[in-house]
Amino acid sequence: MPPSDSPHPTPPVPPPTQARSSRRSMYVTGGLFLIAGLASCGQTGSSGTALVALVAVYGAACLICGYLLGRPSRAVYVSAVGLQLLLLVLVLALAVWAVIAGFWLGLVFAALPLLLVANTLHLLHRSRGFHLHGL
């Protein structure tokens with residue numbers, strides 16, 4: 001019996017190391033944002049509720065995207081890069097606002113998300129062959 005006629009499906013090829021690393025990095029980013037959103041739910045007033053919801057949704061989107069990065073898909077790759085670029089723009093805007101306002105301590109709070117974004121974008125760039133071409 002040829003292997004193509006086997007009643008058992010062939011196991012999927014595991015993703016390369018860079019793809020697994022980018023997946024884990026998306027999990028870390030999503031998990032931190034989801035925990036931050038859920039942890040601050042009761043501490044905000046009515047004006048901060050929408051922001052907390054956006055943070056929690058962003059974290060959930062990163063977790064879902066990280067889960068879907070396990071298989072080669074152009075759409076998921078573009079979504080992951082888009083989520084990270086959105087966070088990059090928001091963090092850079094926060095850093096610029098902190099410098100303009102003279103709140104230099106705000107740069108410290110912007111450092112962790114900036115490092116997370118830079119690491120994730122670097123890993124996504126290194127694994128682009130797997131996600132875009134299935135290599």
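Starting from 1, each residue takes its place in the sequence as its number.
The CG atom of Leu115 sits 10.5 Å away from atom OG1 of Thr120, with the distance rounded to the nearest 0.5 Å. If you take CE on Met26 and CG on Leu69, they are separated by 6.0 Å, rounding to the nearest 0.5 Å. If you take OH on Tyr67 and CZ on Arg23, they are separated by 7.5 Å, rounding to the nearest 0.5 Å. Here CD1 of Ile64 is found 10.5 Å from OH of Tyr27. Values are rounded to the nearest 0.5 Å. Separating the OG atom in Ser25 from the CG atom in Asn119 is a distance of 4.5 Å, to the nearest 0.5 Å.
Residues Leu68 and Tyr77 fall within the same hydrophobic cluster, defined by Ile, Leu, Val, Met, Phe, Trp and Tyr side chains chained together at heavy-atom separations under 4.5 Å. By the criterion of side-chain heavy atoms lying less than 4.5 angstrom apart, applied directly or through intervening Ile, Leu, Val, Met, Phe, Trp or Tyr residues, Leu63 is grouped together with Leu124 in one hydrophobic cluster. A continuous path of hydrophobic side-chain contacts links Val76 to Tyr58 [ILVMFWY only; heavy atoms under 4.5 Å]. Grouping the Ile, Leu, Val, Met, Phe, Trp and Tyr side chains by contacts below 4.5 angstrom, directly or via other members, places Val28 apart from Leu34.
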Under 3.5 Å, side-chain donor or acceptor atoms of residues 80-108 against the rest of the protein: list the pairs with distances, not counting sequence neighbours.
none

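Between Thr17 and Arg20 the shortest side-chain heavy-atom distance falls below 4.5 Å.
Here the closest non-hydrogen pair linking Leu123 and Ser21 is CD1-O, 3.6 Å. Between Phe130 and Gly70, the shortest heavy-atom distance links the atoms CZ-O, 3.8 Å.
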